[in-house]
Each structure stands twice: as C-alpha cells, then as structure tokens.
Number of protein chains: 2
Amino acid sequence: MKIEPLLKYINKYVSLTHEETDFLVSKVIYRKYLKGQYLVQQGDVCKFSCFVISGCTKTFYMDEEGQEHIMMFSIEDWWTSDMSSYINQTPADFNIQFLENTELIMFPYDVIEDVYQHIPKLERFFRQIIEKAFIASQKRIVRNLSMTAKDRYVYFRDQYPQIEQRIPQYMVASYLGITKEFLSKIKSQLLTED
Amino acid sequence: MKIEPLLKYINKYVSLTHEETDFLVSKVIYRKYLKGQYLVQQGDVCKFSCFVISGCTKTFYMDEEGQEHIMMFSIEDWWTSDMSSYINQTPADFNIQFLENTELIMFPYDVIEDVYQHIPKLERFFRQIIEKAFIASQKRIVRNLSMTAKDRYVYFRDQYPQIEQRIPQYMVASYLGITKEFLSKIKSQLLTED
DNA sequence: TTAAAATGTTAAACTAAGTTAACATAATTT
DNA sequence: AAATTATGTTAACTTAGTTTAACATTTTAA
C-alpha cells in the first residue's frame with residue numbers, strides 16, 4: 001500500500017502521531033484502476049473521497065444532448081470525488097473516469113466521521129483543503145466570466161503544463177468550455193501571431 | 001448586538017454550550033454598513049469573514065477595462081468574504097459592496113484560530129459550510145459550461161426569486177455573464193414565447 | 001414638482017464561438 | 001505492415017451574444 005505521498009501531503013498541514021497515522025492507515029483503502037474505468041457515474045451515490053497517488057482522472061457532466069462538460073482533471077497529489085454526492089449521499093451529478101491507470105487512496109464515506117472523531121486534526125486538515133478548493137473554484141468562475149476563450153487557454157497552458165501534455169486536446173477544449181475546432185483555431189492563431 | 005440569527009444558523013450544524021456561545025459572542029463584532037459602502041476593495045487584505053444578519057451585498061471583480069463581473073450576492077443568513085484574501089491574508093481579488101444598509105456579524109482574522117482552539121465544534125461547522133459553498137460553486141461552473149444564457153437566467157430567477165426582486169437587472173446580467181442589453185432581449189423573448 | 005441620475009428597452013451592425021463536414025495525422029490493434 | 005480507431009485541422013456557414021447608440025421609464029434629489 002503506497003500511502004507515503006498522502007502522509008507527506010497531510011503533514012504539510014497538520015502533524016500526526018504514529019498512533020494517529022496507524023489509525024488512518026487502517027481506515028483508508030489503496031486501490032488501482034485501469035484507464036477507462038469509472039470511479040463514479042452520474043446517478044450513483046459516491047462512496048469515496050480519493051487522493052491520487054499516480055495517474056489521472058477527469059470529472060465531467062454529461063448533458064441531455066450527450067455532450068461532455070469537463071469540470072476538472074486530477075493528477076498526483078490532488079483529490080477527486082463528487083463532493084455533493086459524497087457529503088450528502090445523494091445521486092452524483094458528475095462522472096469521474098480514469099484517463100490513465102491510476103492508484104488511489106480512498107476514504108470511504110462510512111469511516112470519515114470515525115476518522116474525524118479519533119483525529120480532530122484531520123477535520124482541520126480537510127477544512128483547509130476544502131477552503132483551497134473553494135478558492136480555486138471561485139477564481140475559475142471569474143476567469144470564465146471575464147476572459148475570452150483564447151486568454152483562458154493561455155492561462156490553462158501556463159498554469160497546468162503537466163496536465164496539457166497528458167490529455168487529448170479535445171478534453172482541454174471541453175474544460176475551457178469551447179469546441180475542439182475552436183481550440184484548434186486558437187492554437188493556430190497563437191502560433192502565427194507571436 | 002443582534003446575534004440570534006447566527007446562533008440559530010450555527011445550531012443547525014452543531015450544538016454550542018452556554019460557555020461556548022458566550023466565548024464566541026465575545027470574539028465577533030456586530031456592525032452596520034450603509035448602502036454603497038465597501039466591506040473589501042480589491043487589493044486590500046480582507047480582515048473579516050462575515051455573516052449577513054440583514055441587507056444585501058455583491059462580490060465582484062473589476063477587470064482592466066473597468067468592467068464589473070459579479071461573483072455572488074449575499075443576503076440574510078449567507079456568508080460573505082474574499083475567502084482567498086481572508087485565509088491567506090493576501091491582497092483581495094474581489095470587491096464586496098453593500099447594495100442595501102446591511103447588518104453583519106464579523107469574524108476577525110486574528111480571532112478565528114482562537115475560536116477554533118476553544119470550540120473545535122466550530123472547526124467542524126466551518127468545514128461543513130465551506131463544503132456546501134464549494135459544492136454550490138462547482139455546480140455554478142457546470143451551469144456556465146453547459147447552459148445557454150437564457151437557461152441560466154431562468155434557473156437564477158427560479159432559484160433566487162428573493163434576490164432578483166432586490167437588485168437591478170444589470171447586476172443580474174453581470175452575474176449571469178452577459179450584457180444588460182442581452183438580458184433585456186431574453187426577458188422579452190420569454191414574455192412573448194409563453 | 002421638476003430636474004437629474006439611475007435603470008431598462010430596442011434595434012442595427014458586428015464579433016466570438018459553434019456547427020458541419022471533409023480531410024489529415026497519430027496511436028492502437030490485428 | 002495494414003487497417004482501424006482516436007485525435008487534430010481547416011474552411012464555409014450559422015448563431016449566440018456584444019457593441020453602440022438613441023430613447024423610455026423609474027427613482028432619487030433639489
């Protein structure tokens with residue numbers, strides 16, 4: 001069970017004792033998934049909140065016309081889950097699919113309260129990472145409101161170069177809220193104008 | 001100091017003892033602002049996270065061209081702050097301005113850690129409300145990615161009728177990410193088509 | 001009560017982005 | 001190596017949403 005990256009990550013926020021670490025390790029699940037598999041499909045109840053050890057996921061909403069709208073990608077050291085479904089144990093709005101073979105540390109819903117009770121520091125930890133996620137989400141909304149598609153692409157490319165290299169371009173387009181054809185046009189514009 | 005609405009709100013999530021309540025009351029600030037005043041201006045460091053007792057605020061980003069992009073409105077029983085600035089004590093990206101005379105309960109940055117230490121239940125409480133805020137933010141991103149302006153307006157009107165009645169239409173347009181002229185067109189379309 | 005300021009409407013001309021479809025290239029599978 | 005499948009490009013055409021500007025209405029201030 002490769003759990004070191006998670007412990008290292010948690011340690012950036014709070015310090016766990018050996019006992020606390022052992023308790024946590026006993027409650028979480030290490031698992032590998034293959035490229036193409038799903039962690040959650042919309043309509044399911046999401047039973048896990050997951051930390052990515054290695055690999056890559058996309059979280060997306062599929063609308064009535066069958067169009068995919070990508071909410072986020074997760075790679076090493078990021079978290080993934082349908083938060084709404086996980087917290088409220090209601091049907092998920094989103095799908096989470098693996099874009100590569102992926103290793104996860106999974107926090108089952110039915111142990112998370114137990115973990116908070118035994119290790120209040122982790123309640124603090126999760127408060128802090130959710131604050132960060134919320135801040136990032138708010139900033140994304142502003143970018144979508146105030147920037148053109150071209151500027152949003154340039155921002156994405158500069159901010160997440162490791163992600164852009166790992167995923168097909170049509171998924172970047174979906175994440176940016178534009179069509180693949182239009183992203184193609186933007187990229188050729190950027191090439192000629194500089 | 002009108003703090004009852006806050007205590008009632010907190011009580012929906014966790015139960016505070018009398019001592020805990022007194023401690024909390026001693027740490028927060030009750031204050032009134034007038035319509036037009038600012039709680040935060042972009043570039044400031046946001047010193048307070050606030051619960052709205054009465055009144056209304058808008059949170060917006062002003063871009064280089066001087067265009068306002070409204071992130072959110074807050075009314076009674078909602079929270080408002082520039083979370084990024086408050087958490088990290090860095091310059092704010094957003095402005096928060098009062099659209100009506102407004103009463104707030106303010107949590108100063110320099111007491112919040114003290115509050116968490118004395119009342120761990122409030123760390124739990126804030127984890128839970130931030131989870132909710134994050135979920136709402138994610139859902140807004142999806143709506144912006146997957147719905148037309150007309151559908152976003154109809155959703156807003158149905159979801160927040162109390163807000164639509166209190167604020168000028170051009171601010172609704174800004175929140176939806178469209179111009180006031182286009183919102184006007186959408187509304188006249190909706191009137192004729194039904 | 002009138003003037004001024006703020007908000008809302010309409011319409012024509014324009015632009016950013018979407019649609020369709022044909023073709024090109026790269027990656028997998030056989 | 002050939003054949004499929006997945007991904008990416010280009011271009012003509014359409015559409016959703018913006019810009020500009022003139023005017024209408026409502027609210028606030030004098």
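Sequence lines set the chain letters: A, B, ... in the order given, protein chains first and strands last, and positions in each chain run from 1.
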Mutual orientation of the aromatic rings belonging to A:Y175 and A:F156 [parallel < 30°, tilted 30-60°, perpendicular > 60°]:
tilted
N/O (side chain, A:S184) to phosphate O (OP1/OP2, D:dG8) under 4.0 Å:
no
Quick one: which of B:T57, B:I167, B:I75 gives a side-chain contact (heavy atoms from CB on, under 4.5 Å) with B:L99?
B:I167
Tell me: CD1 of A:I178 to C1' of D:dG8, nearest whole Å?
14 Å
For A:I167 and B:K150, take the nucleotide of DNA chain D holding the closest heavy atom to each; which residue's nucleotide lies nearer the 5' end?
A:I167
For A:K132, does the NZ atom sit with more than 12 other heavy atoms under 6.0 Å from it, leaving out its own atoms?
no
Nucleotide nearest A:S188 when distance is taken to its side chain, options D:dG17, D:dT10, C:dT7:
D:dT10
Output the rounded distance in Å from CD (B:Q189) to P (C:dA11).
12 Å
Just checking A:F182: base, sugar-phosphate only, or nothing, at a heavy-atom cut-off of under 4.0 Å?
base
Can you check the B:K35 NZ to D:dA29 C1' distance for me, whole Å?
13 Å
With the side chain defined as heavy atoms from C-beta on, B:P168 is closest, among C:dG8, D:dG17, D:dT7, to C:dG8
Using atom NZ of A:K185 as one end and atom C1' of C:dT15 as the other, report the distance to the nearest whole Å.
10 Å
Presence of A:Q169 side-chain N/O under 4.0 Å of D:dA6 phosphate oxygens OP1/OP2:
no
Distance-only polar pair, side chains of B:Q42 and B:Y61, donor-acceptor under 3.5 Å:
no
Between the two end axes of the helix from C:dT1-D:dA30 to C:dT30-D:dA1, each built from 5 base pairs, what angle do you get to the nearest 10°?
50°
Between A:I112 and A:Y13, is there shared hydrophobic-cluster membership here, with clusters defined by ILVMFWY side-chain heavy atoms closer than 4.5 Å?
yes
Between NZ of A:K180 and C1' of C:dA17 the distance, given in whole Å, is 14 Å
For A:E181 and A:R152, find the nucleotide of DNA chain C closest to each by heavy atoms; which residue's nucleotide sits nearer the 5' end?
A:R152
Taking B:F48 as the starting point, is it possible to reach B:Y109 by hopping between hydrophobic residues whose side chains are less than 4.5 Å apart?
no
Would you list the protein and nucleotides 3-5 of chain C atom pairs, both N or O, that sit under 3.5 Å from each other?
none

Does a salt bridge link A:R127 with A:E123, judged by any charged N lying under 4.0 Å from a carboxylate O?
no
If I take atom CD1 from residue B:I130 and atom CD1 from residue A:I129, how far apart are they, to the nearest 0.5 angstrom?
12.0 Å
Atom-to-atom span, OH of B:Y153 to P of D:dG17 - whole angstrom
15 Å
Where the side chain of B:K180 meets the backbone of B:Q169, is there a donor-acceptor pair that is under 3.5 Å apart?
no
Spacing of B:K187 atom NZ relative to C:dT7 atom C1', expressed in whole Å:
11 Å
Integer-rounded Å distance: C:dA11 P and B:I186 CD1:
16 Å
With side-chain contact (heavy atoms from CB on, under 4.5 Å) as the test, pick out the partner of A:I141 among B:M71, B:M72, B:Q138.
B:M71
